[in-house]
Protein chains: 2
Amino acid sequence: MEAEGLIAHDVLAVVLRMAPSSPEVLLWQRAREPHTGRWALPGGRLGATEDVEASVRRHLAEKVDLGEVAHVEQLSVFSDPHRGPAPRRVATAFLGLVPSDADPAVPDDTAWHRVDALPETAFDHGEITRAGLERLRAKLSYTNIGFALAPEVFSISELRGLYAAALGHRVSATNLQRVLTRRGVLVPTGSTAAPGPSGGRPAALFRFSERHLRVTDPFATLRPPERDC
Amino acid sequence: MEAEGLIAHDVLAVVLRMAPSSPEVLLWQRAREPHTGRWALPGGRLGATEDVEASVRRHLAEKVDLGEVAHVEQLSVFSDPHRGPAPRRVATAFLGLVPSDADPAVPDDTAWHRVDALPETAFDHGEITRAGLERLRAKLSYTNIGFALAPEVFSISELRGLYAAALGHRVSATNLQRVLTRRGVLVPTGSTAAPGPSGGRPAALFRFSERHLRVTDPFATLRPPERDC
DNA sequence: ACAAAAGTGTTGGAACTACACCCATGC
DNA sequence: GCATGGGTGTAGTTCCAACACTTTTGT
C-alpha cells in the first residue's frame, strides 16, 4: 500500500524541430512494460534535489545534446487520473525547440517523428505533443520565438519555410521580412548566401536580434504612458 | 521513511479581484505549523480521483462561491526543493479571476489583501501571487480576459479603472473603448447608468460579447491565407 | 537571352493615438 | 450659467497585405 496522497511526479519534454514540410518531435521507443514498443516523450522522474526545469534538462541530456536546445519553457501539467495505468503519475510537460540546422546525435532507441504522422504513442504523449505544437504556433504570432527554430544565420526563404512548417500554411516571405525587421526582431548580417544550382539571386542573410523570448506585439493602448523604452 | 520518489502534490489558486486602486488576492491565515499565522493561497492536496483543475476547484469551493469565479487557468508548477520545509511538496498554481462587483462570503480565516501590500506570506505564496498578476497583465494585452474582471454590465470608466488597477498605470478611456469595440470584444447594451451626485453625462453601459477566453490580437501576417472567418 | 530566386516599390486600406470638441446631467 | 463626467470627430501616423516590378544569379 502506498503512502497516502503521495504521487510519482514525472517531467516530459516535447522537443520540436522544423523539417521542410512538417514539425518533428523527438521520441524514444519503450522497451519495457507498460506500453512496450510504443513511442514516448523524453523525460522521467522528478529527483529529490531538483526543480522541474532542472529535472527535464537532466533527462533530456540523456537523449540529446542540451547545447542544441535553443529554448525551453513550461507547457502544462497533465494529471488525469486515467492518463496511464496505475499507479498514478502526474507529469509536468515542457516545450523544447531545436534549430532546423541542428542534427544532434541521439541514442538507438530515439528518433525524430513527423508530428502530422505520429506513430503509436505511449500514454497521453500524443496529446501532449499536439499541445506543444499549439503553444509554438501561438507564440510565433506575438513573440520572437522563431529564433529557436532558425539557424544562427539564415535567409528569408529559409525562415519562411520554418514558419510555414510550424503553422501548417503558406507564409509570405515579403511580408514576413518586413514585419519582423520593422519590429526589430530581425537584423541583416550584410552577407549573402550562394545561389542554388539553378541560379537565382543570392539571398541576403539575417539573424535574430535577440536569442531570448520577448513579446513583440504588445497592445499599444495598454502600454505605460509617457516614457518609451 | 517515505516511498522513494513519491511526492505530495498540491494545487494552489491565485484568486484576483480588482479594487479601485490595486489588485487584491484571496488569502487565508494558517492556524497550524508550519508558518503559523502567515497568509497562504487557497488550495490543498491533489486527490486520488481528480485532475489538478478539478482539485483546485474543489479546494477553492471551501473558501469562496465558485459561481463568483469567472475564469480559471493553469499558471505554473512550483517545484523548488527548498520552497518549503520538508517533506517536499510540488504545487500546480492556477490563476482565478473574480469580477469587481462580486463580494462573495468567505470564512473567518480568509480575506482579500492588496497585492501591492501583501502580509507575510507562507512558503513561496508571495512569489506565486506576483506570477499570477504578471500573467493577467500580459493577457489583458492580447485577449478578452477583461470579461473576468468586470461586472456583467459596466461603463467604460469602470472598465478603465479595472484595467488601470491591473496594469498599474493610467489607461485612456477613449482608446480603450474604441479598440475593444473595433475588435468586437465589447458591445453596447443601449442603456445608461445614472450620473453621480456631482452630475455629469450618464455613462453608456457595455458588456463583453463573450465570456470565454479568446485571443483578440493575432499577428495577421501569420494568419492562414484565403478564407477569412 | 532566358529561367529562377530574391528583394523592393507602391498602392489602398485598416488600425491606432492624441487632442479638440460636443453632450447630458446636477447644482 | 457653470462645473463635472462622458462621448465623438478628426487629423496624422503607422501598420499591413497584396501584387507588380526589378535585381542578381546560373545555364
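Below, chains carry the letters A, B, ... as their sequence lines are ordered, and counting in each starts from 1. As the structure is a prediction and not an experimental result, all values here were calculated from the model.
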Whole angstrom is fine here: how far is it from CG in B/Leu159 over to P in D/dG7?
12 Å
With sequence neighbours excluded, give me every ring-ring contact (aromatic ring centres under 6.0 Å, His included) pair touching residues 103-130 of chain A.
A/His35-A/Phe123, A/Trp39-A/His113, A/Phe123-A/His125
What is the distance, rounded to the nearest whole Å, between atom CZ of B/Arg182 and atom C1' of C/dA14?
8 Å
Distance in angstrom units between B/Leu180 CG and D/dG7 C1', rounded:
16 Å
Ionic contact status for A/Glu127 with A/Arg130, cut-off 4.0 Å:
no
Taking atom types as they are modelled, is there a donor-acceptor pair under 3.5 Å from the base of D/dT14 to the side chain of A/Arg178?
no
By side chain to side chain donor-acceptor pair (under 3.5 Å), A/Arg178 pairs with (sequence neighbours left out) none
Whole angstroms only, please: what is the CD1-C1' distance between B/Ile156 and D/dT8?
13 Å
Under 4.0 Å, heavy atom to any atom of DNA chain C: which of residues 193-206 of chain B qualify?
B/Pro195, B/Pro197, B/Gly199, B/Gly200, B/Arg201, B/Pro202
Listed pairs under 3.5 Å, donor-acceptor, residues 200-209 of chain B side chains, sequence neighbours left out:
unit_1, atom_1, unit_2, atom_2, d
B/Arg207, NH1, B/Glu152, OE2, 3.3
B/Ser209, OG, B/Gly184, O, 2.7
B/Ser209, OG, B/Val185, O, 3.3

Acceptor/donor pairs from residues 94-102 of chain A side chains to any protein atom, 3.5 angstrom cut, sequence neighbours excluded:
none

Interatomic distance, B/Asn175 CG vs C/dA20 P [rounded to whole Å]
14 Å
Establish, with yes or no, whether the OP1 or OP2 oxygen of D/dT8 is under 4.0 angstrom from a side-chain nitrogen or oxygen of B/Gln177.
yes
Whole Å only: how far is the CG atom of B/Leu176 from the C1' atom of D/dG6?
14 Å
Answer yes or no: does a side-chain N or O of A/Arg183 lie under 4.0 Å from OP1 or OP2 of D/dC16?
yes
List in chain and number order the residues that pass salt bridge (charged side-chain N to carboxylate O under 4.0 Å, His left out) with B/Arg57, two or more places apart in sequence or in another chain; answer none if no residue qualifies.
B/Glu53
Which part of the nucleic acid, if any, lies within contact of B/Thr174, taking any heavy atom under 4.0 Å across all strands shown: a base, the sugar-phosphate backbone alone, or nothing?
base
